[in-house]
Every structure is written in structure tokens, then in C-alpha cells.
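All remarks here apply to the structure that follows.
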Protein chains: 2
Amino acid sequence: MRPDQPAALQATAEPRRPQARQPSTLRDVAEAAGVHAATASRALNPKTQGLVSAATARRVLKAAETLGYQPNPIARSLKTSRSFTVGLVLPDLTNPLFPPIVRGIEDVLAPGGYSAWIVNTDNDPQRELAQIESLRSRQVEGLIIATARLDHPLLRKMHDEGVRMVFVNRRVENLDVPTVTADDATGIALAVKHLADLGHTRIAHLAGPQSTSTGVVRSRAFRHAIRDHGMADDPSLVVECARWSEADGAGAMRELLGRDDRFTAVVAGNDLIALGCYDVFAERRISCPADISVVGFNDMPFLDKLSPPLTTVGVPHHDIGAEAARMLLDCIEQPERHPRSVLMAVSLVIRGSTSRPSR
Amino acid sequence: MRPDQPAALQATAEPRRPQARQPSTLRDVAEAAGVHAATASRALNPKTQGLVSAATARRVLKAAETLGYQPNPIARSLKTSRSFTVGLVLPDLTNPLFPPIVRGIEDVLAPGGYSAWIVNTDNDPQRELAQIESLRSRQVEGLIIATARLDHPLLRKMHDEGVRMVFVNRRVENLDVPTVTADDATGIALAVKHLADLGHTRIAHLAGPQSTSTGVVRSRAFRHAIRDHGMADDPSLVVECARWSEADGAGAMRELLGRDDRFTAVVAGNDLIALGCYDVFAERRISCPADISVVGFNDMPFLDKLSPPLTTVGVPHHDIGAEAARMLLDCIEQPERHPRSVLMAVSLVIRGSTSRPSR
DNA sequence: TTGTAAGCGTTATCAG
DNA sequence: CTGATAACGCTTACAA
């Protein structure tokens with residue numbers, strides 16, 4: 001016993017671990033129904049139910065019912081090496097981008113009888129390896145990966161080993177794995193067009209990490225869009241953020257302001273980076289959108305409540321998750337089907353952080 | 001019983017993949033080391049390593065190493081009925097309150113060799129039951145529950161059955177289960193004192209659901225604090241929200257304004273409810289804090305970027321999660337230890353949504 | 001249509 | 001100290 005108990009709780013001593021009734025097993029059910037376990041198994045499994053007589057099936061079902069029988073998925077997995085579980089590999093659940101994607105995934109998995117096991121990698125390759133190994137040893141039947149980098153030896157190796165997986169949001173360079181992403185290029189084009197239409201002629205870009213497909217696709221799309229609108233593709237107007245974070249966004253914005261402050265608008269690689277801009281605006285008393293317009297990407301929650309409300313590219317998080325899950329289920333259940341990749345449609349969400357340039 | 005097994009079960013032919021090299025088993029290792037599987041098991045398990053000679057231990061370890069042996073947790077669970085997994089029952093991962101708590105939990109579990117299985121209930125008792133059953137059938141060694149209601153037959157029954165669990169945030173009435181919550185009463189007292197100090201004399205409260213302990217503790221604390229500051233405890237200044245949501249917060253605020261608009265400040269049951277107030281302010285051109293001051297609860301992410309930045313009660317989400325995980329681990333590993341409950345300290349985070357009353 | 005038996009990969013309990 | 005053996009709860013040839 002610990003000598004120091006917090007005084008706060010004074011619960012009365014109680015009998016340790018009350019009757020934790022053993023869950024009943026298949027044998028219990030079989031016994032209760034007066035049949036062999038094998039028969040009970042067949043009766044309980046829709047796939048094999050046809051092999052037993054209707055009468056015994058009924059008896060077994062009834063017995064299972066009264067005993068409150070729940071099949072033990074662990075034993076089943078051991079025997080069948082299936083788990084009806086998929087792994088979900090995220091960089092960080094705390095990023096508001098992911099929860100809606102997770103919900104989308106779960107909404108598709110659940111009706112199929114599957115569940116998702118969520119892990120965070122914190123963008124640490126060590127952790128990622130450990131987490132994925134742990135998932136695989138738990139017999140997950142596939143992986144949904146949201147942490148892909150363009151150069152990603154681990155994922156490449158896994159693909160070579162035939163590991164079933166689907167990428168969300170980002171992809172690995174030259175790796176033929178089913179992927180679902182937002183239509184990043186179109187999103188950026190919409191953002192640039194919006195700013196150009198407002199009359200902006202010097203537009204900057206705070207790019208996401210160029211180690212990720214999302215980062216390069218968006219920044220490439222930015223440069224194309226700029227030229228399409230007849231503006232100069234000035235490299236000094238593009239700054240790369242090392243990570244998709246508010247802090248990195250702020251750093252990049254400071255860098256940009258140090259270089260040249262004649263730009264009147266900025267396309268941020270994503271919403272967090274845009275929030276970093278807001279921080280710098282606050283510290284330097286820059287007014288948005290009066291002095292500088294900002295567009296984000298993702299339309300994460302609560303952006304409409306910011307000051308000013310952030311104009312951004314809306315992506316269908318939930319649908320992206322759902323589609324990824326559907327793809328993975330397809331890979332599992334119809335392995336012969338050719339893998340697809342999909343680009344989900346985006347839309348510009350115009351709010352208060354963009355206006356005509358004042359200069 | 002299961003009248004209908006998930007459709008997934010019907011899957012037929014085992015999908016054969018490319019060269020998915022069979023993971024090596026304990027027998028492979030034993031064979032490679034020239035010992036019996038049992039010996040290999042002992043050598044590999046730190047707990048029983050003392051039972052084998054140093055020499056064989058070394059050989060086994062080496063063999064395991066070269067074969068890339070990974071123990072199969074499923075087989076282990078089946079044998080030992082332990083899983084080194086705990087279940088985490090959330091109402092909705094999409095609520096920004098939870099991800100940091102989850103991280104806190106994982107940060108404690110991981111070093112202990114445990115992982116967490118996260119499920120959402122959507123506040124639906126049906127779903128909750130199904131999810132918890134699924135978790136239990138997967139042999140989770142304990143549950144961290146964030147969905148407790150004051151009257152919660154399922155949780156009460158589980159407690160009677162001796163299910164190991166810990167509550168976070170909310171509790172069940174008269175149920176002696178280890179719980180970690182924020183110090184809600186103090187938080188509300190701080191909020192009311194702050195408003196009183198600013199000179200407010202008619203303060204309203206948008207209470208959370210009174211079906212939850214958090215809701216009643218906070219609203220009771222509100223009434224106490226009001227009286228402590230010499231104000232009248234006017235029931236018409238308290239409106240209950242049916243759910244902890246922005247929409248319900250907005251509805252409650254409209255109701256309140258309909259009753260009597262002479263209040264100058266409102267203490268919201270939580271941040272989402274406070275956001276609902278913002279929505280109503282926007283639609284009715286009420287200025288915050290000039291016309292009405294607002295205080296939230298929880299300090300969820302990005303509140304500092306709102307307009308105006310929301311004054312709120314900061315709670316240590318991460319630490320709450322960590323403490324809950326620690327408690328559950330204690331219950332698992334030292335069952336004789338007396339269960340505690342803890343209240344985590346909170347602090348008032350003063351931002352721009354509160355000021356002196358203008359009326 | 002049903003029972004028998006083997007075995008999934010471990011670990012626990014015996015002997016030796 | 002180590003090996004044999006028997007489970008854990010389930011599925012699935014194969015036999016009857």
C-alpha cells in the first residue's frame with residue numbers, strides 16, 4: 001500500500017474485482033445447444049450456415065442469444081489471419097485536418113464490419129516504423145497512410161513487399177499506390193484567379209514542405225497560375241516552410257517581408273501557414289486584407305470565426321476519408337480489381353481575408 | 001448473438017499478394033537456435049529470461065535478430081488474455097477538445113508498452129454499447145471513458161461487473177470510479193470573479209447539458225459564485241443547452257436575448273457554446289465585448305485568433321489525458337492500490353471578449 | 001448434416 | 001536449465 005494517499009478521495013474499501021463473469025465461448029454455446037463446437041461455428045457464420053439444418057441452426061442461435069455469446073475476434077484472427085481491422089497512420093491527430101478524415105474513414109469501414117486502429121507518427125520516421133510494425137503485427141488487413149513523403153524508403157519497401165495500402169492527401173514519388181487527394185492544383189488555381197480578379201499583381205506564395213507531394217504540387221500550380229494570369233514568376237515571392245505549421249508560416253512570412261514588401265497578397269500552402277501570417281500581421285500591425293490579402297488551403301474548422309475570416313480552398317475532408325476507406329476495402333475484397341487514384345473536387349471559400357489591393 | 005455477421009465476413013478467397021514473406025514465428029527462431037520453442041519463448045521474454053542459461057539466451061536472441069522475428073501479439077493475447085491495449089471511448093473525435101487529451105493518454109501509455117484503441121460514440125447509446133462490446137471482445141485491459149452521463153446504466157453495470165475503467169472530464173453519479181476532470185467549479189468561479197471585477201452586475205450563464213456532471217457542476221458553481229459576489233441568483237439568466245455545441249449555444253443565446261437583454265456578460269458552459277454566442281452577435285450586430293462580454297471554458301485551439309479573441313478557462317488537456325492513462329495503468333498493474341480521483345488545476349485566460357460593461 | 005481432429009503462435013505447467 | 005505437452009477460442013478439411 002502507498003503511504004501517501006491523496007485526501008481528496010475517500011471511497012470505501014470494496015471487494016476487489018467483483019464477479020467478472022467469464023464471457024461464454026463457442027463451446028459453451030455448442031454444449032447448450034447439444035451440438036459440437038464445429039457445428040455451432042457453422043451455424044453462427046452466415047457463410048456456412050447453409051451447411052447445417054435449419055433446426056440446429058435455430059437452436060444454436062438461441063443458445064448463443066441466451067448465453068450472450070460474443071465471438072472472440074482474437075481467436076478468430078489467429079486462425080484465419082484476418083482481423084477486420086485497418087491501420088490509420090497519421091502525422092498528428094491534433095491537426096484539425098485529420099479528425100474529419102478519420103470520421104469519413106470510419107463511416108465507410110463500420111458498415112463493412114471493419115474498424116480502424118489510429119496511430120500518430122509525429123513526423124518521426126523512427127516512430128513511424130515502430131507504429132507501422134506494431135500495426136502489421138496486429139494483423140491489420142491494410143493501411144491508410146497520411147504521412148507519405150515524396151522520398152519515403154519505408155513505404156516504398158512496404159509496397160514492394162506487397163503490403164496493402166492507400167495514401168491520403170500525399171503520395172510517394174513514382175509509387176503506384178491508390179491515392180486520394182484533394183485537387184490541389186485546381187485549388188491553387190482558383191485562389192490565384194480570385195486574387196487576380198480582385199486586381200492583385202504581385203502575389204506571394206508560402207509553400208509547404210517540398211518534401212511532400214502536396215507541397216510541390218501546390219507550389220508548382222502556383223507558379224503556373226501566376227504565369228497564366230500574365231504575372232512574372234518571381235522566385236523571391238516564394239518562401240518554403242519546413243513544416244505545415246503556424247510557426248513555420250509565421251517564419252516564412254517574416255522572411256518574405258524582409259525580402260520585399262511590395263506584394264499585396266499571399267497564397268498560403270495551407271490554413272495553418274495562413275494562421276502564421278495572421279500572427280505576423282498582429283505583431284507588425286499589418287492590416288488584412290487592407291494591406292495584404294491571404295488565402296489558405298483546407299478550410300479547417302472555425303476559420304469563419306477568425307478575424308478576418310479566412311478565405312481558403314475548401315476540401316471535402318470527410319469524403320476524402322470515405323473514399324480512401326472504400327479503396328482499401330476494394331483492395332482487400334477484390335484484389336484483382338485495378339487500383340485507382342482519385343482527385344477530390346475543391347472549391348474556393350471566399351471570406352474576409354481577401355479584398356482589392358489598396359496599393 | 002449476432003443475427004447478421006458483418007458483410008466483410010463473407011469474403012471468400014484469401015487475397016494472395018506478391019512476395020509477402022511470411023513473418024517468422026517463435027518456432028523458426030527456436031529451430032534456428034537449436035532449442036525448443038518453449039525455451040525460445042523464455043529467452044525472449046525479459047520476465048522469464050532468468051530461467052535460461054546466458055549462452056542459450058544469447059543464441060536465441062541472435063536467431064530472432066537475424067530472422068527479424070516479431071512476436072505475434074494475437075497469439076500472445078489468446079494465450080495470456082492480455083492485450084497491452086486500452087480502449088478510449090470518445091463522443092466525437094472531431095471535437096477539438098479531445099485530440100490533445102488523446103495525445104496525453106498515448107504519451108503515457110506508449111512508454112508502458114500499451115496502446116490505445118479509439119472509438120467514437122456520437123453520443124448514441126446504441127453505438128456506445130456496440131463500440132464498448134467490440135473493445136471488450138478485443139481484450140482491452142481497461143477503458144478510458146469520456147462519454148459518462150450522470151445517469152448511465154451501461155457504465156454502472158460495467159462497474160458492477162468489475163470492468164476496469166477510468167473516467168475523463170465527466171463522471172457518473174454516485175459511482176466510485178477513478179476520474180480525472182478539470183477543476184470546473186474553480187474555473188467558473190474565476191470567470192465570474194473576473195467579470196465581477198470588471199464591474200458586471202447582471203451575468204448570464206449558458207449551461208451545458210444537465211445530464212452531464214460537467215454541466216451541473218459548472219452551473220451550480222455559477223450560481224454559487226454569483227451569490228458570493230452579492231448578485232441575485234436570477235433563474236431567468238440561466239439557459240441550458242441540450243448539447244455542448246455551437247448550434248445549441250446559439251439557440252440558448254437567442255432564448256436569453258428574448259427573455260431579457262439587460263445582462264452585460266455571459267459565462268458559457270464551454271468554448272463551443274461561446275462560439276454559438278458569437279454567431280448570434282454577428283447576426284444581430286451585437287458588439288462583443290462592448291455590448292456583451294463572453295467567457296468560454298476549455299481553451300480549445302485557435303481561440304486566440306477569433307474576433308474578439310475569446311477569454312476562457314484554460315484546462316490542461318494533455319495532462320488530463322496523461323493522468324487518466326496513468327490511473328488506468330495503476331489499476332492494471334497494481335490492482336490493490338486504492339483508486340484515486342483527481343481534479344486538475346485550471347486558469348483563467350483573459351483575452352479580448354471581456355471588458356467593463358458599457359451599460 | 002454433423003462430428004473429429006488439427007492447428008493458428010504463444011505461454012504455462014509439468015517433468016526430467 | 002530445458003523439453004514435452006497442453007491449452008487459449010476458433011475455423012476448416014476430412015470423415016462419417
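Bear in mind that the values here come from a model prediction, so they are computed numbers and not experimental data. Letters go in sequence order (proteins before strands), and every chain restarts at 1.
The shortest heavy-atom contact between A:R42 and A:V52 is CB-CG1, 3.6 Å. Heavy-atom minimum distance, A:S137 versus B:P71: CB-O, 4.2 Å.
The side-chain tip of B:R82 points at the ring of B:F84 from less than 6.0 angstrom away and within 45° of straight on.
DNA chain C is contacted by B:S41, B:R42 of residues 41-50 of chain B, taking any non-hydrogen atom closer than 4.0 Å.
A:H152 and A:E128 share a side-chain donor-acceptor pair at under 3.5 Å. No side-chain donor from either of A:H159 and A:D176 sits under 3.5 Å from a side-chain acceptor of the other.
Partners of B:D92 by salt bridge (charged side-chain N to carboxylate O under 4.0 Å, His left out), not counting sequence neighbours, listed by chain and number: A:R103. Residues forming a salt bridge (charged side-chain N to carboxylate O under 4.0 Å, His left out) with A:D330 (at least two apart in sequence, or on another chain): A:R337, A:R340.
At least one donor-acceptor pair under 3.5 Å links the side chain of A:T85 to the backbone N or O of A:S83. No donor-acceptor pair closer than 3.5 Å links the side chain of A:N120 to the backbone N or O of A:D122.
Using a 4.0 Å cut-off between charged nitrogen and carboxylate oxygen, B:R136 and B:E161 count as a salt-bridge pair. Checked for salt-bridge contact, B:R156 and B:E173 miss the test: no charged N lies under 4.0 Å from a carboxylate O. One finds no salt bridge joining A:E65 and A:K62 here, because no Lys/Arg side-chain nitrogen approaches an Asp/Glu carboxylate oxygen to under 4.0 Å.
For the pair A:N72 and B:R138, the minimum side-chain heavy-atom distance is 4.5 Å or more.
When DNA chain D is scanned in the 5' to 3' direction for atoms under 4.0 Å from non-hydrogen atoms of chain B, the outermost contacting nucleotides are D:dC1 to D:dG9.
Backbone-only contact: B:T56 has heavy atoms under 4.0 Å from sugar-phosphate atoms and none from a base.
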Look for any protein N or O under 3.5 Å of an N or O in nucleotides 6-9 of chain C and output each such pair with its distance, or none.
residue, atom, partner, partner atom, Å
C:dG7, N2, A:K79, NZ, 3.3
C:dG7, N3, A:K79, NZ, 3.4
C:dC8, O2, A:K79, N, 3.3
C:dG9, N2, B:A75, O, 3.3

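Comparing the start and finish of the helix from C:dT1-D:dA16 to C:dG16-D:dC1, five pairs each, the helix axis swings through 50°, to the nearest 10 degrees.
DNA chain D is contacted by both B:A38 and A:H36; B:A38 maps to the nucleotide lying nearer its 5′ end (nearest heavy atom per residue).
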